[in-house]
Amino acid sequence: MTEPEMNEPEQKKFAELLKQSLSPMKRELDRDLWPKMLQRFDQPPRPRKWLAVLFSPAALSLVPWFDWALLAVLIVGVCLFPRSIPVWLYHF
Amino acid sequence: MELLEQLPELLAQFAAGELDAFETLFRQFQAEVFRWIVRIVRDPAVAEDLTIETFWRIYRARARFQPDRSFGAWARRIATNVALDYLKTARTREEQFAASEFESAPDPRTGNPGIQNPAIRRELRERTQRAFQQLPAQLRAVAALALIEECPHAEIAEALNLSTAAVKSRLFRAVRLLRNKLGNLNTGHG
């Protein structure tokens, strides 16, 4: 007997539970979305998502202060001792 | 729709980038794409936005469309990816929506004879909603389509670009996660 087959009665139980818990909702589209689609065509291209996420304030606020301090030390070190760049590159 | 899919000329025009052909396809398929997305994300307002996003991706990918294949199946697959992207990034917003929806529209099907106390019943519904919304996007989509919407596994597999066995496996994992989160419901309230 496979995993999913073993689980079938339980699946029915949870299906019933979910149906009872999640409220009914509108399922049919009641208006034409073409005007909205045309607006989408007029919008400028969106920035690449990963860039937006990487440099969002929320993401930057997650970086601990000592990482910022380490980055500052690294930048100062590279500025003072440019010949150390190959060493840093080797370690990264 | 059958008739439309038999119009290779229109599909060829769309693949060539003709906006009129795209508009015809949009008007023909927007309701179907909306219905599919709303079954996954369970938020009609969001589903409208995601329908637009789906057709935007369809238009951008028009050069990859093969006019001899089903436009409807292709659109559904893209719509599924758009819905999954949304579920991955908007869990918190979904939770807020579900909470307000729960308050405003009680479901008449909640008449579980084993749970008479309204407060307990309400807690049960809230916990179930939370557990459902905390499922990973892929598992949540499979759970919504298979358990709530009762879609055939083969249909879900095609939309998610998975095998039927993979759909069953994800369904199993989704139910296991729900059970882990709601495990003591029966013993606690029964």
Side-chain angles (χ1 to χ4, degrees), chain A residues 1-68 71 92, chain B residues 19 22-23 26-27 30-35 38-39 42-45 47-49 51-53 55-56 59 85 89 98 101-102 104-112 121 124-129 131-132 143-144 146-148 150 165 167-169 171-176 178-179 182 185-186:
Chain A
M1 188 184 284
T2 62
E3 261 186 0
E5 282 166 353
M6 276 196 310
N7 204 32
E8 206 160 309
E10 197 165 31
Q11 282 178 13
K12 284 183 182 164
K13 190 178 80 180
F14 277 99
E16 202 49 45
L17 188 61
L18 285 172
K19 283 177 195 168
Q20 288 173 0
S21 300
L22 300 172
S23 303
M25 60 186 178
K26 182 185 90 170
R27 287 165 175 272
E28 294 298 325
L29 189 61
D30 50 13
R31 65 191 180 112
D32 180 19
L33 295 178
W34 181 248
K36 218 172 164 183
M37 189 72 233
L38 289 177
Q39 286 174 9
R40 183 75 177 83
F41 274 113
D42 291 337
Q43 282 175 9
R46 291 176 178 172
R48 293 186 73 88
K49 207 182 279 178
W50 65 270
L51 271 178
V53 171
L54 196 62
F55 295 106
S56 68
L60 293 177
S61 69
L62 292 175
V63 180
W65 68 267
F66 44 84
D67 281 346
W68 291 116
L71 183 64
F92 286 113
Chain B
L19 195 59
F22 176 66
E23 181 181 354
F26 182 93
R27 291 189 191 280
Q30 59 176 336
E32 186 185 322
V33 167
F34 171 86
R35 272 197 301 273
V38 83
R39 293 162 94 179
R42 307 198 64 77
D43 181 338
E48 282 193 5
D49 290 342
T51 301
I52 298 294
E53 178 63 23
F55 278 98
W56 175 248
Y59 186 73
D85 287 348
T89 56
E101 187 188 44
F102 167 75
S104 60
D107 185 345
R109 292 175 298 183
T110 317
N112 183 345
R121 215 164 54 204
L124 171 62
R125 290 176 61 170
E126 285 176 344
R127 286 180 61 191
T128 307
Q129 286 176 356
F132 176 68
L147 298 178
I148 304 170
E150 299 179 1
V167 168
K168 286 181 181 175
S169 169
L171 190 54
F172 175 84
R173 284 160 55 202
V175 169
R176 189 174 56 190
L178 286 172
R179 186 183 60 210
L182 303 168
L185 281 177
N186 291 337

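Computed from heavy atoms alone, side chains included, the values below leave out hydrogens, waters and symmetry copies. Here is the naming used below: chain letters follow the sequence lines, and residue numbers restart at 1 for every chain.
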Identify the two heavy atoms, one from B/R179 and one from A/F14, that lie closest to each other, and give their separation to 0.1 Å. CA-CZ, 3.5 Å
A/L38 CG to B/L19 CG distance, which is reported to the nearest 0.5 Å: 7.0 Å
Using side-chain heavy atoms (C-beta onward) and a distance below 4.5 Å, is B/D43 in contact with A/M25? no
Answer yes or no: is there an ion pair linking B/R176 with A/E10, defined by an N-O contact shorter than 4.0 Å? no
Determine whether B/V175 and A/K12 make a side-chain contact, defined as any pair of heavy atoms from C-beta on separated by less than 4.5 Å. no
If you round to the nearest 0.5 Å, how far is CG of A/L17 from CG of B/L178? 8.0 Å
For side chain to side chain contact (heavy atoms under 4.5 Å, CB included), just list the numbers for B/F55 and A/L33, CA-CA rounded to whole Å, side-chain angles, deciding distance to a tenth of an Å, and then say yes or no. CA-CA 10 Å; B/F55 278 98; A/L33 295 178; over 6 Å; no
Heavy atoms only: give me the nearest A/K19-B/L147 pair and the separation to one decimal. CE-O, 3.3 Å
Using every non-hydrogen atom in the two residues, find where A/K36 and B/E48 come nearest and quote the distance to one decimal. NZ-OE1, 4.0 Å
Atom OH of B/Y59 and atom CZ of A/R40: how far apart are they, to the nearest 0.5 Å? 13.0 Å
At a 4.5 Å cut-off on heavy atoms, which part of B/R27 comes close to chain A: side chain, backbone, both, or neither? side chain
Are side-chain heavy atoms of A/L22 and B/Q129 found at a separation under 4.5 Å? yes
4.5 Å side-chain heavy-atom contact, A/M37 and B/F22: yes
Within-4.5 Å side-chain heavy-atom neighbours: B/F34 and A/E28: no
Separation between CD of A/Q20 and CG of B/L124, rounded to the nearest 0.5 Å: 8.0 Å
